[in-house]
2 protein chains.
Amino acid sequence: MEFRMAKGEVLLRVSAILFLVSTACIVAFDTETKVVILMIKKKATYKDLDALKILLYVTSAAAGYNMLQLCKHSFSACSTIRNFNDSYYMHMAWISFLLDQIVVYLTFATNTSAFEACLFALTGSEAFQWMKVCNKFTRFCYQIGGAILCCYIASILMAMISTISAYKVLRMYSPKRFLRLKGK
Amino acid sequence: MEFRMAKGEVLLRVSAILFLVSTACIVAFDTETKVVILMIKKKATYKDLDALKILLYVTSAAAGYNMLQLCKHSFSACSTIRNFNDSYYMHMAWISFLLDQIVVYLTFATNTSAFEACLFALTGSEAFQWMKVCNKFTRFCYQIGGAILCCYIASILMAMISTISAYKVLRMYSPKRFLRLKGK
């Protein structure tokens, strides 16, 4: 049973990594060149928008973090079951729960801010006299939309992973006494 | 001890409500009128920016949700301790854990998108030829900045609350067997 949960977590982490990496790749390799006036060309890349730059860095970092967690998982696959009530196990579980939470909130926040920036590019703003950008660079905008969708899927997967980490650490506590471990 | 945790949760919820309500109030009552050209006046309100409108609605809803949770808390203060291993208790705990998670992610996301929108208003965008707005409506922008800060504090408080809800539901499970309750 323990094994089944570990398998589920590995599966979730691997799919989160896939979605994060595809987000990063789509954003990084998305370029479109259009003629603006006569011979003047303009090239749209992710560098034009700070939100996309940050999205690229954060998704790469999150993918790396999940990769590290997978490595840790495969190294400690045997040892965690043996030293169950160990304080080392509890510390590691707490740390990975907190890190999971931080990574999922960070990814979610950067993705949402990229989404907001793209919404501005799509619709412009009448009150601020900002013009639309996406009617010129249509393909670029569609690709970024795909990247944001991928990143939202990755965020949901990571939220599920963080629930699993919470389960792993919090079930060690006694249901009767406050913040007391079960074995004691 | 159980009582101390309940007191902590109530305290966290009350302060989250205070921060959420103050965010909503600051956003709703923030207006600034400036003369643009000669006699033409322009008034800046939260209605100029969709992100601020959504922030107002979401923070109000989140404050209402936390208020309802407080009511539930005070009604069931005695009954939860009695029927500890009850399946009703478990269902309620799971539901309030999931709702807490949804509310905190939603609040965090809308606040981050408002932050991104304000960043655009503050700096403009050279690549997109969008002009700055905040150099005209300075006081308005400062107030919105304060609202966003309040909302981030509320988000952190609610993230802590959702950890407490997770603790309340997940410590009921057995540390040895997968997804099995402790009493069985």
Side-chain angles (χ1 to χ4, degrees), chain A residues 1-5 42 44-45 47-51 54 84-85 97-98 101-102 104-105 108-117 119-121 123-133 152 155-156 159 162-163 166-183, chain B residues 1-5 42 44-45 47-51 54 84-85 97-98 101-102 104-105 108-117 119-121 123-133 152 155-156 159 162-163 166-183:
Chain A
M1 284 302 187
E2 207 53 44
F3 177 70
R4 213 165 68 185
M5 188 175 70
K42 210 184 159 197
T45 64
K47 283 170 195 156
D48 292 333
L49 204 56
D50 283 333
I54 296 170
F84 223 132
N85 266 320
F97 167 57
L98 290 179
Q101 287 270 318
I102 291 169
V104 63
Y105 278 110
F108 194 63
T110 44
N111 196 33
T112 306
S113 76
F115 179 68
E116 172 70 22
L119 222 60
F120 267 125
T123 62
S125 169
E126 223 172 288
F128 294 172
Q129 294 178 302
W130 288 349
M131 59 181 181
K132 295 176 193 179
V133 182
Y152 270 126
S155 301
I156 292 170
S162 85
T163 306
Y167 170 72
K168 271 159 92 176
V169 60
L170 294 174
R171 67 181 176 158
M172 293 299 160
Y173 287 99
S174 157
K176 300 262 157 66
R177 267 167 300 167
F178 182 62
L179 279 187
R180 196 70 59 84
L181 288 181
K182 223 151 278 163
Chain B
M1 285 300 186
E2 206 54 44
F3 176 70
R4 214 165 68 185
M5 189 174 73
K42 212 185 157 193
T45 64
K47 285 172 192 153
D48 292 333
L49 204 56
D50 283 333
I54 296 170
F84 223 133
N85 265 321
F97 167 56
L98 289 179
Q101 287 270 318
I102 291 170
V104 63
Y105 278 110
F108 194 63
T110 44
N111 195 34
T112 308
S113 75
F115 178 66
E116 171 70 22
L119 221 61
F120 268 125
T123 61
S125 169
E126 223 173 289
F128 295 173
Q129 295 178 303
W130 289 350
M131 57 182 184
K132 294 176 193 178
V133 182
Y152 271 125
S155 301
I156 291 169
S162 84
T163 306
Y167 171 71
K168 272 159 89 176
V169 59
L170 293 174
R171 67 181 177 159
M172 293 300 158
Y173 288 99
S174 158
K176 300 263 157 66
R177 267 169 299 166
F178 182 62
L179 278 186
R180 196 70 59 83
L181 289 180
K182 224 152 278 168

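Sequence lines set the chain letters: A, B, ... in the order given, protein chains first and strands last, and positions in each chain run from 1. Bear in mind the structure is a predicted one, so any value in this text is a computation, not a measurement.
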*Asks:* If we count only N and O atoms by modelled type, under 3.5 Å, do the side chains of B:Tyr105 and A:Ser155 hold a donor and an acceptor together?
*Replies:*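 Per modelled atom types, B:Tyr105 and A:Ser155 side chains form no pair under 3.5 Å.
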
*Asks:* Heavy-atom cut-off 4.5 Å, strictly under: side chain, backbone, both or neither for A:Phe97 against chain B?
*Replies:* side chain

*Asks:* Has B:Trp130 got a side-chain atom pairing as donor or acceptor with B:Phe120's backbone, closer than 3.5 angstrom?
*Replies:* no

*Asks:* If you count heavy atoms of other groups shown closer than 6.0 angstrom to CZ of A:Phe115, is the number above 12?
*Replies:* no

*Asks:* Could you look at A:Lys42 and say if it's the side chain, the backbone, both or neither that has a heavy atom under 4.5 Å from chain B?
*Replies:*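 Only the side chain of A:Lys42 comes within 4.5 Å of chain B.
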
*Asks:* Are the side chain of B:Asp48 and the backbone N or O of B:Thr45 linked by a donor-acceptor pair below 3.5 Å?
*Replies:*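 Between the backbone of B:Thr45 and the side chain of B:Asp48 there is a qualifying donor-acceptor contact (under 3.5 Å).
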
*Asks:* Taking side chain as everything from C-beta outward and backbone as N, CA, C, O, which of these in A:Leu49 sits under 4.5 Å from a heavy atom of chain B? Side chain, backbone, both or neither.
*Replies:*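 Contact with chain B: side chain only.
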
